Amino acid sequence: MTTTATSIKTARRNAFTLDELRSFIEDEADLLDEQRFDDWHALFAEDGVYWAPAAHDQESWLTHVSLYFDEKHIMKTRIARLKHPMIHCQDPKSACVRVLSNFKVEWASEDGNEYRVRSKFIMLEDRKGADRRCYGGRYIHTLRRRGDGLEIVVKKAELTNCDQAFPMLTQPF
Amino acid sequence: MSAYTNEHFRNLVQVDRVHRSVYTDQQIFEVEMDKIFGHTWVFVGHDSLVPDAGDYYTTTLGRQPVVLSRGDKGKLHVLYNRCGHRGAKVLSKERGNQRIFTCMYHGWGFRPDGSLAGVPMRNDFPAGVLDDPIFGMAPLARVESYRGFVFACEDPKVMPLKEYLGDAIRGIDEMVDRAPDGEVEFWAGCHRYIYKGNWKLQMDNMADTYHPAAAHGSTVGPDGRQFQRRAGKEGGAAPFFAPNGEAVVSQLGVRGFPNGHSSEESLFDKVQSGGVIDEYRAILVSRFGEERTVEIMKNRRHSLTLFPTLDILIAQTSVRVVKPISADLTEVEVWPVRLKGAPDVISTDLVKFVNITHSASSFIQTDDLEAFERCQDGLKTQGAEWVLLARGVGAEIDEGNGVLLGPRSSEIGMRAKHNMWRDLMSA
């Protein structure tokens with residue numbers, strides 16, 4: 001048996017299953033529901049980004065505005081602000097629930113270290129005094145092996161109404 | 001409507017206060033749509049949205065659907081987006097290119113200048129009826145542009161655009177001059193946010209350097225500077241508090257201009273430098289020389305706001321457009337612009353920064369939106385009738401040409417807007 005064949009076999013044995021990938025992404029959504037933003041931030045790779053495009057079929061975050069485009073250091077500022085006592089747009093706070101479904105592995109690297117996983121989501125946001133808000137669309141997660149677990153390289157949230165006007169957005173999708 | 005006499009409107013705006021109904025009364029909003037949005041120069045779009053013949057960009061003027069289009073000879077047109085036949089909105093996409101704009105209902109076609117190009121089964125209409133230009137897509141009475149910014153007015157007797165802008169025209173110049181090629185481009189789409197509040201709450205806010213310490217306290221980092229909001233190793237993050245505890249921005253002055261325009265002094269303490277900014281600066285120096293480059297890059301204004309609804313965000317190299325929908329509902333667009341001739345990364349960095357300063361999810365705008373909605377709620381109360389805009393009354397410095405500088409977050413900019421509002425509404 002060649003070395004390459006051995007390593008592919010090892011990679012297959014170590015590859016994450018769809019169930020494991022789904023659990024990771026569902027757990028990530030739970031962290032957001034529970035507003036454990038620091039724990040959420042820790043899931044991202046150092047070069048990780050959180051992205052919600054503002055146009056259908058938007059190819060780049062550099063050539064078109066986005067609803068959210070947070071590199072890891074920006075995400076940190078966002079989270080510091082979410083915890084700041086003077087964040088008026090979270091007084092009162094939002095309560096959210098995200099429901100995920102239709103998981104598919106779109107792509108996996110041969111060495112079993114990188115994955116692109118697609119899922120669908122519905123998210124409700126309630127805030128006392130404000131209208132109930134409902135968002136929906138697709139998540140596309142690019143994930144990378146980190147030790148025994150995974151980290152997020154890109155989390156992309158494609159909203160069905162991404163090209164429309166939004167009231168204030170405080171909760172990442 | 002009989003209670004709404006010119007006298008009544010005049011009394012709603014006093015020297016240092018404005019009546020709350022200016023923000024809450026839907027009947028007043030209806031009058032604004034005519035007396036303000038029907039009689040002043042309203043920004044429609046930037047000519048870079050329609051570079052080629054047949055290009056169109058659909059938007060609104062006041063509440064009315066209009067289209068900015070470019071005709072065969074490169075001429076810009078602003079048309080009501082309405083079929084001359086039965087009134088259906090002809091163009092539904094935001095942007096596109098068509099030689100003939102075709103109505104989906106009965107198939108009438110219009111040229112980009114609005115003239116009627118084709119009517120199915122035309123001979124069954126009485127002779128001569130379709131020769132009347134009103135059965136095309138009717139053009140707005142006046143269209144003028146300045147350095148790519150296209151304005152339209154429904155009133156044929158309105159003063160020329162340049163006269164209307166007066167000294168406030170410098171706001172457009174100061175932003176466009178930062179482009180080495182002397183032109184800017186709307187190239188990356190726009191942010192759109194919406195709030196349950198009157199359009200003038202956003203307009204007031206754009207001349208308000210008094211609110212950041214309270215409203216934007218959550219944007220200040222442990223180093224006492226606001227988060228980095230534009231590119232450059234230097235000049236991208238401004239110090240928030242002065243040694244005496246006041247917000248730096250609130251120690252700055254505001255200007256009020258004739259016809260309701262206003263501007264705020266820049267909150268940045270340093271000129272942008274470092275990294276690609278140095279490369280960009282070298283391009284400016286090679287084109288315009290050192291002395292002129294220093295002038296171009298100076299932190300002169302934070303923004304310049306043109307009455308009624310355009311905000312030139314000079315520090316953020318973006319353009320904000322306010323769209324009134326009803327007395328208590330407003331949509332706002334924010335367009336990052338490309339400085340033509342500058343390194344590409346200047347423009348792409350800007351797109352990234354505007355995401356965190358002026359989008360619906362941005363660190364700054366969200367708290368402003370909370371403030372606008374709380375104002376709209378609070379102003380429902382019957383017990384107190386007035387909104388106070390008294391900061392700096394009597395302390396203004398006359399700079400000539402009707403320009404008044406109000407030191408220390410004076411509310412002069414808001415007073416300038418409301419005075420213009422009063423003059424138009426009581427005319």
Side-chain angles (χ1 to χ4, degrees), chain A residues 37 49-94 125 127-131 133 135 157 159 161-173, chain B residues 94 187-197 211 213-222 226-229 237 318 323 325 329-336 338 344-345 347-356 358-374 377:
Chain A
F37 295 116
V49 299
Y50 169 70
W51 183 32
H56 296 291
D57 305 318
Q58 182 176 335
E59 284 173 5
S60 166
W61 51 64
L62 295 176
T63 54
H64 196 282
V65 303
S66 297
L67 299 177
Y68 286 87
F69 174 69
D70 288 0
E71 291 163 302
K72 205 172 181 191
H73 68 283
I74 300 282
M75 219 178 293
K76 195 173 170 191
T77 306
R78 184 181 300 283
I79 289 165
R81 182 168 169 266
L82 281 166
K83 295 193 294 188
H84 197 288
M86 287 179 78
I87 179 160
H88 311 294
C89 58
Q90 277 295 282
D91 171 23
K93 279 163 96 82
S94 297
E125 179 179 355
R127 187 177 170 226
K128 198 171 181 189
D131 297 332
R133 297 172 64 184
Y135 316 89
L159 268 70
N161 61 344
C162 64
D163 56 353
Q164 293 173 35
F166 284 81
M168 65 173 81
L169 293 171
T170 59
Q171 307 298 307
F173 307 114
Chain B
E94 186 181 284
W187 74 295
C190 71
H191 290 289
R192 296 176 202 279
Y193 58 81
I194 194 161
Y195 64 90
K196 288 176 162 180
H211 73 288
H216 300 308
S218 68
T219 61
V220 188
Q226 201 175 41
F227 68 93
Q228 178 158 5
R229 57 189 282 165
S318 300
K323 307 250 179 153
I325 297 172
L329 193 63
T330 305
E331 186 173 320
V332 181
E333 299 173 348
V334 182
W335 302 77
R338 187 203 325 252
D344 283 348
V345 67
S347 306
T348 54
D349 272 358
L350 191 74
V351 168
K352 290 205 269 184
F353 280 111
V354 176
N355 288 335
I356 56 169
H358 289 87
S359 74
S361 72
S362 64
F363 304 160
I364 297 174
Q365 205 58 63
T366 38
D367 276 330
D368 284 325
L369 297 183
E370 179 72 15
F372 303 161
E373 296 195 346
R374 289 203 202 178
D377 252 2

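Everything quoted here is computed from the prediction, not taken from an experiment. So you know, we letter chains A, B, ... as the sequences are listed, proteins then strands, and number each from 1.
- Interatomic distance, L62(A) CG to L350(B) CG, rounded to the nearest 0.5 Å: 12.0 Å.
- Taken to the nearest 0.5 Å, the CZ atom of R374(B) stands 7.5 Å off from the NE2 atom of H88(A).
- Neither the backbone nor the side chain of R338(B) comes within contact range of chain A; no heavy atom of the residue lies under 4.5 Å from a heavy atom of that chain.
- The closest donor-acceptor contact from the side chain of R78(A) to the backbone of I356(B) lies at 3.5 Å or more, if one exists at all.
- Proximity to chain B is limited to the backbone of D163(A), based on heavy atoms less than 4.5 angstrom apart.
- Partners of L329(B) according to the side chain to side chain contact (heavy atoms under 4.5 Å, CB included) rule, which considers only residues two or more places apart in sequence or in another chain, are I194(B), K196(B), I325(B), S326(B).
- Looking only at side-chain heavy atoms (C-beta outward), T170(A) and E370(B) stay at 4.5 Å or farther from each other.
- The backbone N or O of A54(A) lies less than 3.5 Å from no partner atom in the side chain of H191(B), so there is not a single donor-acceptor pair.
- In terms of heavy-atom proximity, F363(B) sits nearest to T77(A) at CE1-CG2, 3.7 Å.
- Residue-environment remark: CG (N161(A)) exceeds the threshold of 12 foreign heavy atoms within 6.0 Å.
- Smallest separation of non-hydrogen atoms from H84(A) and G217(B): NE2-O, 3.4 Å.
- Heavy-atom distances place both the backbone and the side chain of L369(B) under 4.5 Å from chain A.
- C89(A) and D367(B) make their closest contact through N-OD1, 2.9 Å (heavy atoms, listed as atom of the first residue, atom of the second, distance).
- Residues passing the side chain to side chain donor-acceptor pair (under 3.5 Å) test with D377(B) are K380(B), sequence neighbours excluded.
- Of the listed residues (S66(A), P172(A), A52(A)), the one with the most heavy-atom contacts under 4.5 Å to chain B is S66(A).
- Remark: the backbone N or O of L67(A) is paired with a side-chain donor or acceptor of S361(B) at under 3.5 angstrom.
- When every heavy atom of H64(A) is checked against every heavy atom of G189(B), the shortest pair comes out as NE2-CA, 3.7 Å.
- For the residue pair A360(B) and P167(A), the shortest heavy atom distance occurs at CB-O, 3.9 Å.
- Neither the backbone nor the side chain of Q365(B) comes within contact range of chain A, judged by heavy atoms closer than 4.5 Å.
- Using a 4.5 Å cut-off between heavy atoms, Q58(A) does not touch chain B at all.
- Counting heavy-atom neighbours within 6.0 Å of K93(A) NZ, excluding the residue itself, gives a total of 12 or less.
- Looking at I74(A), the atoms closer than 4.5 Å to chain B (heavy atoms on both sides) sit in the backbone and in the side chain alike.
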Would N355(B) and V65(A) count as a side chain to side chain contact (heavy atoms under 4.5 Å, CB included) if you check the C-alpha gap in whole Å, the side-chain angles of each, and the deciding distance to 0.1 Å?
CA-CA 7 Å; N355(B) 288 335; V65(A) 303; 4.1 Å; yes
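- Proximity to chain A (any heavy atom under 4.5 Å) is restricted, for S359(B), to the side chain, taken from C-beta onward.
- Comparing R127(A), Q90(A), K83(A) by how many heavy-atom pairs each has under 4.5 Å with chain B, the most go to R127(A).
- Considering all non-hydrogen atoms of both residues, K352(B) and W61(A) come closest at CG-O, 4.5 Å.
- Only the side chain of F227(B) comes within less than 4.5 Å of a heavy atom of chain A; its backbone N, CA, C and O stay farther away.
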